[in-house]
Amino acid sequence: MKKTGWQSIVILGAQWGDEGKGKVTDYYGSTSDYVVRFQGGNNAGHTVVVAGKVFKLHLLPSGVLHKNNTIVIGNGVVIDPAVLLSEIKNLEKEGHTFRLKVSDRAHIIFPFHVSLDGLSDAYKAKKNLSALSTKRGISPTYADKYERIGIRIVDFVNPVIFKKRLSLLIDLKTKQLSGVYGSKVKINSKKIASDYKKYARELKKYITDTSLLVDTALKSGKKVIFEGAQGMQLDVDHGVYPYTTSSNTTVGAVLTGVGVGPKHISKVIGVVKAYLSRVGGGPLPTELKDETGDHIREAGGEYGTTTGRPRRIGWLDLVQLRQSVRINGLDSIAITKIDVMDNLKAVKVCTGYKYKGKVLKEMPADLTVYENCKPIFKSFPGWKSGYGKAKKFSQLPVNMRRYVKFVEDNIGIKAEMISIGADREKTVIV
Ligand code: GDP
């Protein structure tokens, strides 16, 4: 299906995040009317390159760079208002104008969430408990949401409710900071109240019932992209828990994080990087701890957009990808960064795992099993660079096409896009 043949698509990371969703969303964003985020917060990092200029976005959806789009931050997102305002101002400074809508039901991040994130992370690191967080206050904010003590945007712009809820929250967080973590951090409630009053004034014009907005848009035939952040394996339910993020990153989160019905989704595209990368701890059976891994890391610029941390690198894992196809009901994939693997002698993909002499074809939930899984690889001869101007699949190197075909056959769905470079132009539609 060509990019014009859809009304609403979900674009999701099909692996451990950083698959290049920003570029893929930006590509489809040229013909859409709305681009909507539905989960996560400024722990995400999308990079979009337009005519050689690099835009790094953390909270605003990637479609922001196309004037035709209304960009929407849904209720499932947690919002640091200072970060949101600074992203808005930075883009405006560059001459970009955009229509932004922010859900009245999204939850707000406060400075004490950021402090708690750091303290909890340091504790977990000491106990070797889980992955390092981005320390942006995301998980403490989600925790407050589910404990029903969080503050939503609608509460934040209502001075009476805000004062009441903030005082309750600060009281609880003060106890948590000192009682649980023995921290000396003092919450400056006066400063928070005055800063957040200012943020509320500045953000007010963007706030609306975005569920109604998006539903109405869909019913009137507008084209909508739902843009995922992070990736499937970071989903708090289906990912490699506890080495995950604190939200659902899979397709179900679109429904809850925006407030639209499932029948509105016409297509789900999984963004698949031609190799793997991940940040933080946890098992990664196809991990490359050798020169090939170093080469891919450097060639692919695999350093965190938000944190600058070097990412772990591995070969493409089809066990993991098949799970992603199933859980997300993927219709097709967009393969990105295949050019990063240019000029390698051999390119490998993992088709199954060996565990205690048995072959596993599915992702085990038990991490004591998963960390002892050994990958079963299929090796392909590599390809040379020099196809940078390709526009059609047939113009790509034959060995690359064989590799893509093998992946498609193994996961049971087709690639509809192959990205062969960071720039918008370097895109092959299959
Ligand atoms: P996202 O969060 O999934 O959007 O991923 P990131 O922004 O962390 O990483 C994607 C990075 O790869 C960005 O720097 C993109 O500009 C770049 N990128 C995207 N697609 C391609 C591609 O096909 N080839 C190359 N070489 N770089 C790409």
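One-based numbering, in listed order, for ligands and for the atoms of each.
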With atoms numbered from 1 as shown, which atoms in ligand 1 lie under 4.0 angstrom from a non-hydrogen atom of Arg311?
-> 8 (O)

Considering only heavy atoms of Gly421, which atoms of ligand 1 have at least one such atom less than 4.0 Å away?
-> 21 (C), 22 (C), 23 (O), 24 (N), 25 (C)

Hey, is ligand 1 close enough to Thr336 that some N/O pair sits below 3.5 Å?
-> no

Test: Lys405 cationic atom under 6.0 Å from Tyr403 six-membered ring centre, within 45° of axis = no

What are the two closest heavy atoms between Ser246 and Val236, and how far apart are they?
-> C-CB, 4.2 Å

Does Tyr206 have Lys101 sitting over its ring (NZ/CZ under 6.0 Å from centre, angle to axis within 45°)?
-> no

Would Lys173 count as a cation-pi partner of Phe112, with NZ or CZ less than 6.0 Å from the six-membered ring centre and within 45° of the ring normal?
-> no

Lys21 neighbourhood, listing ligand 1 atoms whose heavy-atom distance to it stays under 4.0 Å | 1 (P), 2 (O), 3 (O), 4 (O)

Any Lys/Arg nitrogen of Arg312 or Glu287 sitting under 4.0 Å from an Asp/Glu carboxylate oxygen of the other?
-> yes

Which of the ligand 1 atoms, numbered from 1, are nearer than 4.0 Å to a heavy atom of Ser419 = 20 (N), 21 (C), 22 (C), 23 (O)

Which bit of Lys23 is near ligand 1, meaning a heavy atom under 4.0 Å away: side chain, backbone, both or neither?
-> side chain

Side-chain donor-acceptor pair present, Lys392, Gln395, cut-off under 3.5 Å | no

Of the backbone atoms (N, CA, C, O) and the side-chain heavy atoms from C-beta on, which set of Asp18 has a member under 4.0 Å from an atom of ligand 1: side chain, backbone, both, or neither?
-> both

Can you find an N or O of Gly20 that's nearer than 3.5 Å to an N or O of ligand 1?
-> yes

With heavy atoms only and a cut-off of under 4.0 Å, state how Val271 meets ligand 1: side chain, backbone, both or neither.
-> neither

Donor + acceptor pair across side chains of Tyr353, Tyr370 (<3.5 Å) | yes

So, is Val340 polar-close to ligand 1, with some N/O to N/O distance under 3.5 Å?
-> no

